[in-house]
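Notes for the one structure printed next.
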Protein chains: 2
Amino acid sequence: MLQPGPPKFQRRKEDRPGEIVSAALGVFSEKGFAAARLDEIARRAGVSKGALYLYFETKEELFHAVVKSAISPNLAMVRERLEAFPGPFGGLLEVFLPTIAQVIATSAVAPIGKMVIGEGRNFPELARYWHEELVAPMIGLVSGLIAKAQARGEVRAGDPRLFAAQIMAPFLMAVLWRETFVPVGAEPFDVQALAAQHLTVLKAGLLIGEKA
Amino acid sequence: MLQPGPPKFQRRKEDRPGEIVSAALGVFSEKGFAAARLDEIARRAGVSKGALYLYFETKEELFHAVVKSAISPNLAMVRERLEAFPGPFGGLLEVFLPTIAQVIATSAVAPIGKMVIGEGRNFPELARYWHEELVAPMIGLVSGLIAKAQARGEVRAGDPRLFAAQIMAPFLMAVLWRETFVPVGAEPFDVQALAAQHLTVLKAGLLIGEKA
DNA sequence: AATAAATAACTGACCGGTCAGTTATCAACG
DNA sequence: CGTTGATAACTGACCGGTCAGTTATTTATT
């Protein structure tokens with residue numbers, strides 16, 4: 001009866017938070033905030049539910065940590081690529097649109113974003129954080145680039161913020177389509193093809209002095 | 001002790017379902033499906049919780065009734081206007097975009113749609129219904145009109161379904177922006193201005209033989 | 001032995017759904 | 001016309017299950 005066998009658990013204080021956040025990302029993505037069960041997050045993280053409370057005070061704080069972890073790297077990456085781009089606005093679009101398509105297809109930004117949209121009303125702090133940390137900077141960044149391009153005479157007159165919305169909107173739609181309607185049988189959108197076609201329309205519709 | 005006083009309730013079998021659906025629309029719009037409380041719906045409808053179950057079997061069925069009531073009139077209106085339009089595609093866009101903007105600004109489609117997006121994963125029947133009854137028909141309708149316009153040589157070559165997505169996406173974004181970020185301090189989008197600017201870009205980017 | 005990580009059993013509030021009882025309404029009857 | 005009996009709309013207290021969060025206890029580590 002005294003054979004030790006494999007220990008029941010190990011003490012791994014350093015790794016737990018990351019593993020828990022990772023597990024929580026999965027469950028929140030699949031179920032949304034309200035329907036996510038802490039028992040399931042704990043199970044996937046390989047710990048007990050009580051252990052969650054050693055590292056996070058509440059469910060909401062855990063959600064917050066998930067959102068933070070999903071935002072920062074992707075935003076930084078996009079921002080760097082955009083600000084470092086030297087050429088004209090048309091060339092910037094050629095780089096930017098496929099980049100966005102790729103981030104959407106591969107990162108956790110999409111399901112988290114959908115969750116923020118779905119439950120933002122009930123968790124205003126979260127919507128505020130998402131808006132201030134990710135959405136507003138992105139819109140501002142793109143708007144600023146558009147305004148500069150207008151000043152150089154490359155982009156037609158108009159509200160830069162609305163132009164930014166027009167540029168980003170199809171990607172938002174593709175994400176929500178994939179997350180909402182594809183699971184119930186809708187035909188998916190090919191995000192890369194959408195990016196390519198969107199680029200064509202934008203170049204003809206937004207830029208000055210381009211041929212259709 | 002026999003003074004009747006005001007009666008505790010009245011029997012109004014005809015009106016109850018409509019009043020309950022209306023109250024439910026409000027609560028579902030504000031809270032989402034999961035967070036909506038049947039007690040609150042009942043309170044707003046001026047009945048007891050038990051009365052809800054005289055007219056609807058479950059919470060989900062009530063939600064279904066709400067979705068139905070919000071969809072049908074608006075879809076029918078848009079479809080009629082679109083199919084009856086005689087002129088070229090550019091002129092159709094001029095009518096269609098402001099119409100969409102108006103429906104978004106005034107109808108209950110927007111909050112319900114946001115709710116479907118937010119909770120569709122947990123209620124696939126609902127997402128399926130919304131997709132089959134509203135979204136797929138709309139996409140199909142617009143795609144068909146685009147294909148016809150392409151055949152007439154009015155619209156550039158490309159996947160009509162992707163074009164349809166590009167046309168609709170900014171309105172989706174405006175709705176979600178209003179529902180999600182404006183309550184936490186974001187600056188709203190002027191949907192009418194967005195429609196106007198979107199029209200300009202689409203005419204230059206989508207149509208053949210138009211001057212920028 | 002002392003400490004802290006981790007567990008597992010537990011609590012209490014919440015809420016969808018139920019149902020026994022109440023009351024408005026109306027038709028039948030005197 | 002007033003009364004009464006029958007019906008069905010309606011109420012509201014209640015129940016059972018669920019789940020975020022707590023705590024008494026065990027176990028790994030130093």
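Given the structure is predicted, the values throughout are model-derived calculations rather than measurements. Note on naming: letters A, B, ... go to the chains in the order of the sequence lines (proteins, then strands), and numbering restarts at 1 for each one.
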Quiz item: Between the base of D:dA9 and the side chain of B:Arg11, is there a donor-acceptor distance below 3.5 Å?
Solution: no

Exercise. Using atom CD of B:Glu61 as one end and atom C1' of C:dG16 as the other, report the distance to the nearest whole Å.
Key: 14 Å

Exercise. May I ask you to test the B:Met173-B:Leu194 pair for a side-chain heavy-atom distance under 4.5 Å?
Key: no

Quiz item: Rounded to whole angstroms, how far apart are CD1 on B:Ile41 and P on C:dG17?
Solution: 11 Å

Quiz item: Are side-chain heavy atoms of A:Lys31 and A:Glu40 found at a separation under 4.5 Å?
Solution: yes

Listing time: all N or O pairs from protein to nucleotides 11-15 of chain D that are below 3.5 Å?
from, atom 1, to, atom 2, distance (Å)
D:dT11, OP2, B:Ser48, N, 2.6
D:dT11, OP2, B:Ser48, OG, 2.8
D:dT11, O5', B:Ser48, OG, 3.3

For residues 92-101 of chain B, which side-chain N or O atoms pair as donor and acceptor with protein atoms under 3.5 Å away, sequence neighbours left out?
from, atom 1, to, atom 2, distance (Å)
B:Glu94, OE2, B:Lys203, NZ, 2.5
B:Thr99, OG1, B:Arg81, NH1, 3.2
B:Thr99, OG1, B:Val95, O, 2.8

Exercise. Grab the two heavy atoms, one from A:Lys59 and one from A:Ala34, that are nearest each other, plus how far apart they are.
Key: NZ-O, 3.4 Å

Quiz item: Whole Å only: how far is the NZ atom of B:Lys59 from the C1' atom of C:dT18?
Solution: 17 Å

Self-check item: By ring-ring contact (aromatic ring centres under 6.0 Å, His included) - contacts of B:Phe189 (at least two apart)
Solution: B:Trp177

Practice problem: In whole angstrom, give the distance that lies between atom CD of A:Glu14 and atom P of C:dA6. | Solution: 10 Å

Quiz item: Contact class for A:Phe56 vs. all strands (heavy atom < 4.0 Å): base, sugar-phosphate, or nothing?
Solution: nothing

Expected list for residues 16-27 of chain A: side-chain donor-acceptor pairs under 3.5 angstrom, two or more places apart:
from, atom 1, to, atom 2, distance (Å)
A:Arg16, NH2, A:Gln10, O, 2.8
A:Glu19, OE1, A:Arg12, NH2, 3.2
A:Glu19, OE2, A:Arg12, NH2, 2.2

Exercise. Take the protein atom CD of A:Glu57 and the nucleotide atom C1' of D:dA20, then report the distance between them rounded to whole Å.
Key: 14 Å

Practice problem: State, with a plain yes or no, whether a side-chain heavy atom of B:His198 is found less than 4.5 Å away from one of B:Leu202. | Solution: yes

Quiz item: What is the distance, rounded to the nearest whole Å, between atom CZ of B:Arg12 and atom C1' of D:dC10?
Solution: 12 Å

Exercise. Identify which nucleotide among C:dA5, D:dA20, C:dG17 has an atom closest to any side-chain atom of A:Lys13, counting heavy atoms from C-beta outward.
Key: C:dA5

Quiz prompt | Where B:Gln192 and B:Gln102 come nearest, the two heavy atoms and their spacing | solution = NE2-N, 4.2 Å

Quiz item: In whole Å, what is the span from the CD1 atom of B:Ile20 to the P atom of D:dA9?
Solution: 12 Å

Quiz prompt | Under-4.0 Å side-chain N/O to phosphate OP1/OP2 contact, A:Tyr53 with C:dT7 | solution = no

Self-check item: Close approaches to DNA chain C from residues 29-39 of chain B, in residue order (heavy atom, under 4.0 Å)
Solution: B:Ala36, B:Arg37, B:Leu38

Quiz prompt | Residues in side chain to side chain contact (heavy atoms under 4.5 Å, CB included) contact with A:Glu60, at least two apart in sequence or another chain | solution = A:Phe33, A:Thr58, A:Phe123

